[in-house]
*Asks:* 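After the structure tokens below, expect a handful of questions from me.
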Amino acid sequence: MAFLFEPPASVQAEAVNALFRWSLLLCALILTGICGALFLCFRKFRAPRNSSSAEQDDPPQIYGAKKLEVIWTLIPAIILSFLAFFTIRGMVQVNPPAAEEHPEVVVAGHQWWWEVRYPDSGVVTANELVLPAGEELLIGLESADVVHSFWTPALAPKQDMIPGVQRHLWITAPKPGVYAGRCAEFCGAQHAGMLLRVEVLPRAEYDAWLENQRQPAIAASAEDNARISIGSGLFLSLTCSSCHAISGTDAHGDAAPDLSHFASRVSLAAGLRPNNPENLAAWLRDPSSIKAGVKMPNFHLADQEVQDLTAYLSSLE
Ligand code: CUA
């Protein structure tokens, strides 16, 4: 529930929230008026106790009251036009056309994870969207397969991600913080297992984060550690690299999440488990035991292989 009622943390979410509050207030007033009128009618026109059957006959039936009909058509039409005006104005204010603007980041939906690309720096990551605070940012939205929907309730309205269509959202988040996101369009077996973590950082921290992500993934000491070295060999020879990329290595696959700085991520499997060596080992042994229907196959790895791969991936800070 905390997720559903996350308070707005961006200019755009605040505008949507304000529209929702005013609409709710208006609807509450209408409901109160209707219930009040109904209640008064119940009291005023109630048949008296012990009244004879003659007195309980139907009241006079009136057909065709033009004046009434005009009134009860006009009043809802005015109320709906009023709501439509503010809704359309809100849509234009919150998500104006992007024109030729260049997105700070592009998020692409996949079954069932999020690809996150920073076009200017070439950084690619997955399932965690990091943004600078206090700036009006253009977020590009795409889909690699079916229709997904980008939904970060505290930051922006929902926006569908449609294959072959470029869409966008504007996000201006004044304060640093961590916000929840998820897919809001049914997209297959693991639609519910498609969580996005959004972290808003002060500009300086954001720049430092981006710079770190730009560096090759292999830690300087990696070669010193035999297990990590064996794990990196396995990653290439077991064809993990056909689907996953790791910068600075020969792994360039783009069908599955980029793992360049995998160990710096908070969660595994698009938000389903905390990212720690135990969960990673369980994932490598049988991905579908954690995420039924996941596209990553079970490679039936030997225990030693699981350990070596876990050591390698856990070293990719
Ligand atoms: Cu992606 Cu639902």
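We count ligands from 1, going down the list as the structure has it; atoms in each ligand are counted the same way. Numbers here are sequence positions counted from 1.
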*Asks:* For the residue pair Asn275 and Val266, establish whether any side-chain heavy-atom pair is separated by less than 4.5 Å.
*Replies:*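 Sidechains of Val266 and Asn275: no contact.
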*Asks:* Does Met194 put an N, O or S atom under 2.8 Å from atom 1 (Cu) of ligand 1?
*Replies:* yes
*Asks:* Name the orientation class of the two ring planes belonging to Trp113 and His110 (parallel below 30°, tilted from 30 to 60°, perpendicular beyond 60°).
*Replies:* parallel
*Asks:* Looking at His148, which of its N, O or S atoms is the nearest one to atom 1 (Cu) of ligand 1?
*Replies:*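 Atom 1 (Cu) of ligand 1 is closest to the His148 atom ND1, counting only N, O or S.
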*Asks:* With respect to atom 2 (Cu) of ligand 1, what is the nearest N, O or S atom of Glu185?
*Replies:*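 That would be atom O.
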*Asks:* So, 2.8 Å as the limit: is an N/O/S atom of Cys183 located closer than that to atom 2 (Cu) of ligand 1?
*Replies:* yes
*Asks:* What class does the angle between the rings of Trp209 and Tyr206 fall in, given that below 30° is parallel, 30 to 60° is tilted and above 60° is perpendicular?
*Replies:* parallel
*Asks:* What is the distance from atom CD of Gln159 to atom CG of Leu169, rounded to the nearest 0.5 Å?
*Replies:*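 So the gap between those two atoms works out to 5.0 Å.
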*Asks:* About how many Å separate CZ of Arg167 and OG of Ser143, when rounded to the nearest 0.5 Å?
*Replies:*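 Between atom OG of Ser143 and atom CZ of Arg167 there are 11.5 Å.
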*Asks:* Within 2.8 Å of atom 1 (Cu) of ligand 1, is there any N, O or S atom belonging to His191?
*Replies:* no
